[in-house]
Every structure is written in C-alpha cells, then in structure tokens.
Amino acid sequence: MVRVQAVGLRVRAGRRMAVDGIDLDLKNGVHGVLGPNGAGKTTLMRALATVLRPASGELTMLGTALGSRESLRQVRERIGYLPQKFGYYKRFTVREFVEYMAWLKQMPGVDIPGAVERAVERVGLGDRADDKLSTLSGGMVRRVGIAQAIVNEPAVLLLDEPTAGLDPAERMRFRALLRESAEDTCVVVSTHLVEDVAAGCDQVLLMDKGRVLFQGGTDELAAAGEASEVGDSPLERGYSALLDRAAR
Amino acid sequence: MTHVPPALIASYAQGLSTGIDAAVIEAHLGTCASCRSKLHVPDKVLDEVWSEIDLGATRPRDSVLVRAAVWASPAMVPWIAMTVLVTAVAVVTDLLGTQLLVLLAPIAPVAGVAAAWSRGMDPAHEIVACTPRAGLDLVLRRTIAVLAVLLPVLLPLGWLIGASPAQWLLPCLAFTTATLALGTLIGVRRAAVGLATTWVAFVVGPSLVTASLPALLEPSSAGLWLIACAVAAVVVVLRASTFTRLASGN
Ligand SMILES: Nc1ncnc2c1ncn2[C@@H]1O[C@H](COP(=O)(O)OP(=O)(O)OP(=O)(O)O)[C@@H](O)[C@H]1O
Ligand SMILES: [Mg+2]
C-alpha cells in the first residue's frame, strides 16, 4: 500500500525553492533521506509532515489528498513527526509532555495513559518518566522526541535527524525500534550520515539542491561508487560518486 | 537441562500452581524457550492479567500542567503573567492620576495571543502544528484562555479607578481579533508587535503628553471598534487555514 505519494512536489523555504520537483512513492519500510547540508531534507520532511503547504505539485498522504481541514485532520491523526530542532517544555515531566502531545493528536482519552506508558517504555525512558525534561541529557530529550512521535502509533513516521546526539547503544536500540515499526509503518528518516542509512534503511533517497539524485536500495547506491571515489565504505563512495556526477 | 512436564506447565498456565512449584516453573520458563512455547495461557486468564495491568496504567493522573496546557500552552504563561503585572502597575499609577489602564488595556492581550501561535515564542510550535488539533479552534481556545485570565483582572481594577468597561473592553477585543487577522497574513507575533507599537506610538504616547484621552477611547467611538472587531473576525474565519500550518515569520 502506498503511504506517501508526491508528484512534482515543490516547497518553498523562505524565498528559496528548497524542494524543487520531487516524485515519491513510499510504502511501508524504512526510507532514508540522505543529502548534504542544505539539500532540502528538512523542507521535504516538513511538507510530508503537512506543516508546510507545497508551492506546487501533488501530495497524497495515506491515500488522502491534502485539501480540506478535515482531510488534514484525519491524516495528521496517523502521522508522527520529530523535527530537526525538537523544542519542548522544560517544566513538563516526560510523561506529561507525551500525554499533552497525545491530547493534541486527538487520541481518545481512555487510550492516552496506556499509549504514553508504551511510548516512553519503547524509547527506554521508563525509569525517567516522572523526571522533568529540564533534568534530562540531550540524547534523552531526543528520545522524548521520538516517544511523542510514536505515541499515536502512526502509519507514517517522519524523523528528521533522529540519531543526532544518541550514544552507540541508543542508536542500535533506535534502529531496532525502526525495524520493529517498519512492518506496518512507512518510516522516513532524514540524515546526513551514510552509516545510519547503511544500518537501518531499506530504501535510500539521495537529495541535493532540492532534487532527487537517486532513489533505490542501499545495494544500488553502493554499486554506483567506484574505488577511486572518496569515502571509507562502498556506500560512502556511491554517495560521493552520485553527488560528483550531479555537480558536473 | 530437565524440562517441566507438560501437565505442570498446563496447570501453571491455568494459574493453579502455587508456592514453590509456581516459583520453580516460572524460573525455568524464564530461561527455557522450548518450555515457554508449550505455555498456552487461556484467554480468560490473560484478560485478567491485562485488566490488572491496565488498571495500573490508567490510574488517573491529575497533572495540573497538562490540564492547564489544554487551554494555554506553557509558552504563553510568562507573557500572560507579564501582562497582568503591567496592568497592576498601570492601576497603581492611575491611582496617582494617570489614565494608563484605559490606554493600555486594548493591547494587553496581544502578547499572550502572539505566544499562542508563534515559531519563535513557542519552542514546541513545530510539533504542535503537525497535530490534528492545530488550527483556528486551537488558536481561539488559547486566545480565550488569555482573555479568561486578563478580563477578570481588568474588570475590578478598572472599576477601582472608575473607568467604564465600555471604554476599553471593545478596543481590547478589537485588538485581539485584529492580531489574529493580521497574523494570518504576516504571522501572529509580527502582527502583535506591529499593532502594539502603532498603538503606543500614535495613541498612548500623545495622550500621556497631552494628559487627555483620545477621542478613540471615548464611549462614542464604540461603533468604530465594533466594526473593526467584525471586519477582523471575518478575515480570521476566511483565512483560518493558515493556522493549520507552521506560523509564518517568527
Ligand atoms: N526559513 C528559511 N528561510 C530561507 N531559507 C531557508 C529557510 N529554511 C531553509 N532555507 C534554505 O533552504 C535550503 C534547504 O534547507 P533545509 O533545511 O531543507 O536543508 P537540509 O537538507 O535539511 O540541511 P541540513 O542537513 O543542514 O539539515 C537551504 O538552502 C536553506 O538555506
Ligand atoms: Mg535538515
């Protein structure tokens, strides 16, 4: 089932057309959005999160074209989003914050306490659930961000640089969480770390200057590289090769 | 490793094993996948277990913070508090002969309203904007929260210094609606800053200098304020969809 579909999607960030004609056809699984700084990853994620209105093109999420307020509301009930800059309320405890987000996501009141418990448990913060966010480390705050994104068990999970600041053990735990979710969820993870993609993604979307340079499996990306390219792994060489080719 | 006889596993699953038996079986099950796979817990027992766990999880948690945030986001709280404080100061100086309260009341709510829908003033704005509740109803709910705190403070204080509500209540509502209306075009924060600055520069300042109230704040101007309210409300409703997306500006 196609979860996210875009045709000729163009999205403005300020005056710049930061996403400039992208076609997408994403099904369940983990999709890595890879690209250098300024490629337009965050702008694309914001458009998929429905918080930026596309300048042109079509975007269909979960089979629904985003037009009316009602369609937007229905789609958002089934989206989870972690922005690159995750802002939060310092005085809230982990549980309070995730609970408030669950309320904003219009989850039925009776389901909220259980869902909050599960989400907090899944990111490994069960023992810190009643601690204020101001007392958590940066990586833990990031995990609260992941918890609020998954609390409504979304069908489309959008994570903008989710692994920034996570220690190696947490990174592995996070990838396991992605793998687990991927069976019935379309997960889109943006990153500029090639190793994140190598370890956790089924599909890669390589972006630069608002356009897609490559879309395919990780093995295909690796195959694009030649031994002469810069990079420590076949994937990195594939990445550099495709960016070089585009620059020429 | 010796395994647990199937009969014992079955009685354990039914919840019939007791004492040391139950403890030994449980310990073994914890380490032995093959015995675990033979463990078929009847749905009835499972339901009981789950209902107990759920009871624990659904224990009502009366978090004051969450209940308050349903009305006003935490980002708004300091701004509302600041406004209340400024109002109180205005009343004190009014008791000494100025007319600050009537002059400042119209723009009193705008700071709180700005914080209700602003990227720069609300750290969680981006994740809130992505939720189904984001939209005009949430912004209005938050605006009402601002007024619900402010008006009960303004009314008695205004009465204390002898200002009639007719003088400032309508301007107050007009500025609130206008902030939202202009906010749909340039972002609520910029709208708030723009409107408040204009008001201070062209009305509050001159009035303080001449020590008289402008005609705009005379009761006879009520019609004008009503029209302003209505026009702004129409703009807000027509452009409501901007509140379902990230706030523009900061
Ligand atoms: N608010 C804004 N106003 C103006 N330009 C912007 C704005 N936000 C982003 N841009 C521009 O849009 C382009 C894409 O930015 P975007 O944040 O989407 O990139 P990115 O791929 O996420 O980068 P990074 O890896 O650094 O996070 C950049 O050139 C950036 O300068
Ligand atoms: Mg980014």
Side-chain angles (χ1 to χ4, degrees), chain A residues 14 42 45-53 66-70 72-93 95-107 109-118 121 130 132 145 148-149 152 158 160, chain B residues 50-78 115 117-139 141-142 187 237-250:
Chain A
T42 294
M45 298 296 272
R46 283 180 170 160
L48 300 186
T50 72
V51 298
L52 280 185
R53 190 196 309 274
L66 301 171
S68 66
R69 172 74 214 275
E70 188 49 30
L72 207 55
R73 208 191 59 70
Q74 276 173 7
V75 166
R76 283 177 176 180
E77 270 183 359
R78 304 177 61 204
I79 292 185
Y81 175 42
L82 171 68
Q84 183 167 3
K85 274 194 217 135
F86 168 60
Y88 54 93
Y89 303 127
K90 292 200 288 278
R91 281 170 219 265
F92 276 43
T93 65
R95 184 177 277 134
E96 284 168 339
F97 189 77
V98 180
E99 199 175 317
Y100 181 48
M101 289 310 298
W103 177 79
L104 283 166
K105 293 180 185 210
Q106 289 190 318
M107 295 179 66
V110 290
D111 297 348
I112 290 181
V116 169
E117 219 61 45
R118 272 193 299 279
E121 209 56 66
D130 288 313
K132 291 204 185 306
Q148 66 78 24
N152 55 331
L158 306 161
D160 200 349
Chain B
W50 278 118
S51 69
E52 273 170 39
I53 291 177
D54 268 345
L55 267 186
T58 51
R59 198 174 349 107
R61 258 183 227 94
D62 276 28
S63 162
V64 182
L65 285 183
V66 176
R67 266 187 295 158
V70 159
W71 286 97
S73 87
M76 298 161 63
V77 174
W117 201 250
S118 152
R119 263 202 242 191
M121 294 168 83
D122 182 356
H125 178 72
E126 191 164 352
I127 46 175
V128 174
C130 173
T131 64
R133 274 197 206 270
L136 181 59
D137 22 353
L138 185 69
V139 174
R141 181 190 265 270
R142 291 176 167 188
V237 171
L238 287 180
R239 299 192 43 89
S241 71
T242 54
F243 292 119
T244 59
R245 310 282 181 160
L246 270 188
S248 58
N250 282 305

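Each chain gets a letter, A, B and so on, in the order its sequence line appears, and its residues count up from 1.
- Between A:E121 and A:R118, none of the side-chain N atoms (NZ, or NE/NH1/NH2) sits under 4.0 Å from a carboxylate O, so this pair counts as no salt bridge.
- Residue A:L104 touches chain B through both its backbone and its side chain, counting heavy-atom pairs closer than 4.5 Å.
- Of the two parts of A:R69, only the side chain, counted from C-beta on, holds a non-hydrogen atom closer than 4.5 Å to a non-hydrogen atom of chain B.
- For residues 66-76 of chain B, no residue pair satisfies the side chain to side chain donor-acceptor pair (under 3.5 Å) rule, not counting sequence neighbours.
- Rounding to the nearest 0.5 Å gives a distance of 9.5 Å between CD of A:E117 and CD of A:E99.
- In this structure, B:R142 is not positioned above the aromatic face of B:W117 in the sense of NZ or CZ being under 6.0 Å from the six-membered ring centre and within 45° of the axis.
- For the atom pair CZ (A:R95) and OG (B:S63), the distance works out to 10.5 Å, reported to the nearest 0.5 Å.
- Looking only at heavy-atom pairs under 4.5 Å with chain B, the residue among A:K90, A:R73, A:R53 that has the most is A:R53.
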Side-chain donor-acceptor pairs under 3.5 Å in residues 81-89 of chain A, sequence neighbours left out?
unit_1 : atom_1 : unit_2 : atom_2 : d
A:Y81  : OH     : B:E126 : OE2    : 2.5
A:Q84  : OE1    : A:T42  : OG1    : 2.5
A:Y89  : OH     : B:D122 : OD1    : 2.7
A:Y89  : OH     : B:D122 : OD2    : 3.2

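- The part of A:I79 that comes within reach of chain B is its side chain, from C-beta onward, which places non-hydrogen atoms under 4.5 angstrom from that chain.
- For B:A240, no part lies near chain A; criterion is any non-hydrogen pair under 4.5 Å.
- In this structure, the portion of A:Q148 lying under 4.5 Å from any heavy atom of chain B is its side chain and not its backbone.
- With respect to chain A, the highest number of heavy-atom pairs below 4.5 Å among B:V66, B:V70, B:L138 belongs to B:V70.
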